[in-house]
Amino acid sequence: MTALVVAGLSAREVTRRRTAMLLVISLPLWFYLVRRDLTGQSMRMLTLGIAWAVSTLTLFVVNASRGVDPRLRVSGASVAGIIGGRLIAMSGFGVLLATAYLILVAIDQDIQRFWAIAVTMLITALIAAPFGSLVGALLPRELEGALALLSVCAVQMLADPAGLTAKFMPFWSGREIGTYAVDGTGIEFLWRGLAHGALVWALCTGLTLAVFARRLRLARYPEPVPDSR
Amino acid sequence: MNWPQRFEAELVRLGVQPVVARRLTADTAAQAGEHDADPDGFFGPAHLYARHLVAELQTPAAGTAPERCVPGQVMLQLSGVGKRYRRRAVFSGVDLTVRGGEVAAIVGANGCGKSTLLRICAGLTPPSCGTVHRTRRVGFVPQDGGTAGWLTAEEHFTLFGAAAGMVPRKAISTGTHLASLLAWRPSRVQPVQELSGGTRQKLNLVLGELHGPDLLLLDEPYQGFDQGSYLDFWRQVRSWRDAGRAVVVVTHLLHELQNVDHVLDLGAVAGRVA
């Protein structure tokens with residue numbers, strides 16, 4: 001129950017940050033528009049824009065809750081309930097954002113394997129939430145976290161997708177599945193992308209939970225011995 | 001509303017029976033009339049005088065010992081507790097036992113570790129040495145922060161209630177009732193970041209108490225309170241104590257120590273360490 005309440009309230013919290021929401025929602029659009037004439041490039045940029053937007057917003061939400069989480073723990077909430085709820089909310093936001101841009105792509109582009117583009121965007125959005133959460137867990141200040149996300153996205157954008165560096169980046173899966181969708185490459189691109197995405201998602205989620213489990217751990221004290229008075 | 005109406009409404013809001021509130025209002029108006037004075041000029045703002053009067057009515061008459069319940073079971077027991085950050089010892093050898101129906105105050109100079117000790121009691125910071133025995137149901141009110149700026153007070157009640165296993169409706173009604181004891185009616189739409197510092201602290205206090213803990217740990221919770229809210233706060237502490245709860249409050253307002261059962265001077269303990 002705690003996870004669902006945290007998810008619902010995190011979603012409300014996000015929608016009230018109107019300016020940040022507007023900027024975050026429009027960010028992938030600018031990425032898309034600058035390369036709109038080239039289908040492959042525009043899809044890669046759009047996917048990266050979604051990744052950046054969702055992970056940055058998650059980072060803000062995680063940092064904003066830093067003071068509340070220990071008190072929720074003292075009140076009886078579990079780490080999984082708090083962090084899981086927040087991840088559910090932000091993943092939901094990511095899926096909504098990806099769906100909205102998918103509709104734009106369906107109207108504006110002619111892609112042979114459109115379903116694979118849908119997979120690209122959804123998997124990117126789903127990875128972005130725990131990745132932003134992990135960065136937020138490791139870097140306590142919003143500016144530091146935002147700069148770290150900027151660095152990751154910049155390297156992801158510039159690195160040779162066939163090189164080793166790109167494979168160590170969290171959103172490489174989107175690039176691989178995107179190539180399968182747009183360039184008509186073999187099915188191995190899709191499987192590689194899915195495997196990479198699943199691994200990164202599991203790593204980011206697991207590490208986020210591990211970091212918060214340590215940070216929000218409560219000392220277990222024995223109860224006082226009842227006296228006879 | 002004129003002054004007597006505002007005064008009567010405030011009395012009712014503070015929990016005075018309507019009949020008694022009407023009588024007190026009539027008496028107060030008559031008193032001002034005897035001096036041929038405007039009540040606003042004679043007594044000051046209606047809501048503040050109402051709070052002052054309620055606090056006065058609840059204070060035992062001079063010479064009579066306040067009615068106290070017998071202290072109950074031990075809720076918190078610290079034995080030889082110390083905290084060290086790398087080589088620097090903050091404090092050591094802290095002993096404190098607080099029973100249900102007792103109030104303990106932790107005092108000391110800035111930086112002597114009062115908040116750290118309270119976090120140790122809450123279980124948020126592990127002690128470096130010593131043993132802690134503590135009841136399970138505990139409420140913690142930090143000195144500042146501890147709330148989410150974009151959520152409303154009601155949403156905080158829902159969130160903290162869910163953490164303690166309460167359904168949203170019960171959490172909201174409990175939170176609203178506890179807020180009224182501090183003479184605060186939470187807005188349904190106003191996010192916490194738009195509240196004044198004192199009102200945020202009231203929210204903090206309500207959140208700490210929402211799940212009915214047996215032990216309340218309060219870290220200077222009255223920061224930003226006006227005079228009336230401050231009186232409400234100590235009245236609330238006394239009511240918790242009378243209800244058999246244990247209260248540990250970090251404070252540096254020494255004139256309030258007459259209201260507590262135990263005083264732990266952490267400055268003296270830290271001084272022994274240094």
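Chain letters run A, B, ... following the sequence lines, proteins first, then strands; residues in each count from 1.
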Most heavy-atom pairs under 4.5 angstrom with chain A, which of B:Pro142, B:Gly161, B:Gly165? B:Pro142
Look up atom CZ in A:Arg16 and atom CD in B:Glu155, then write down how far apart they are to the nearest 0.5 Å. 4.0 Å
Please check if the side chain of A:Arg71 supplies one atom and the backbone of B:Phe140 the other of a donor-acceptor pair under 3.5 Å. yes
Chain B contact via A:Arg66 - which portion, at a heavy-atom distance below 4.5 Å: neither
Pick one of side chain, backbone, both or neither for B:Leu210, based on which atoms fall under 4.5 Å of a heavy atom in chain A. neither
Gap separating the CG atom of B:Leu159 from the CD atom of A:Glu13, nearest 0.5 angstrom: 9.0 Å
Toward chain A, the part of B:Leu207 with a non-hydrogen atom under 4.5 Å: both
Does a side-chain heavy-atom distance below 4.5 Å link A:Val14 with B:Trp150? no
Are any of the side-chain heavy atoms of B:His156 and A:Leu9 separated by less than 4.5 Å? no
Within the supplied structure, the quantity of interest is the number of heavy atoms (other residues, nucleotides, ligands) at a distance under 6.0 Å from A:Phe168 CZ; does it exceed 12? no
Shorter than 4.5 Å, heavy atoms on both sides: which option in B:Thr97, B:Thr135, B:Leu124, B:Leu76 has the most such pairs with chain A? B:Leu124
Report which part of B:Asn204 has an atom under 4.5 Å of a heavy atom belonging to chain A: side chain, backbone, both, or neither. both
Pick whichever of A:Ser75, A:Ala77, A:Gly67 has the most heavy-atom pairs under 4.5 Å with chain B. A:Ser75
Smallest heavy-atom separation, A:Pro224 atom then B:Val74 atom, equals CG-O, 3.2 Å
Assess whether atom CH2 of A:Trp172 is packed by more than 12 heavy atoms of other residues, nucleotides or ligands within 6.0 Å. yes
Where A:Val74 and B:Ala122 come nearest, the two heavy atoms and their spacing: CG2-O, 4.1 Å
Taking heavy atoms only and a threshold strictly under 4.5 Å, list by residue number the residues of residues 206-222 of chain A that touch chain B; give 'none' if the list is empty. A:Arg217, A:Leu218, A:Ala219, A:Tyr221, A:Pro222
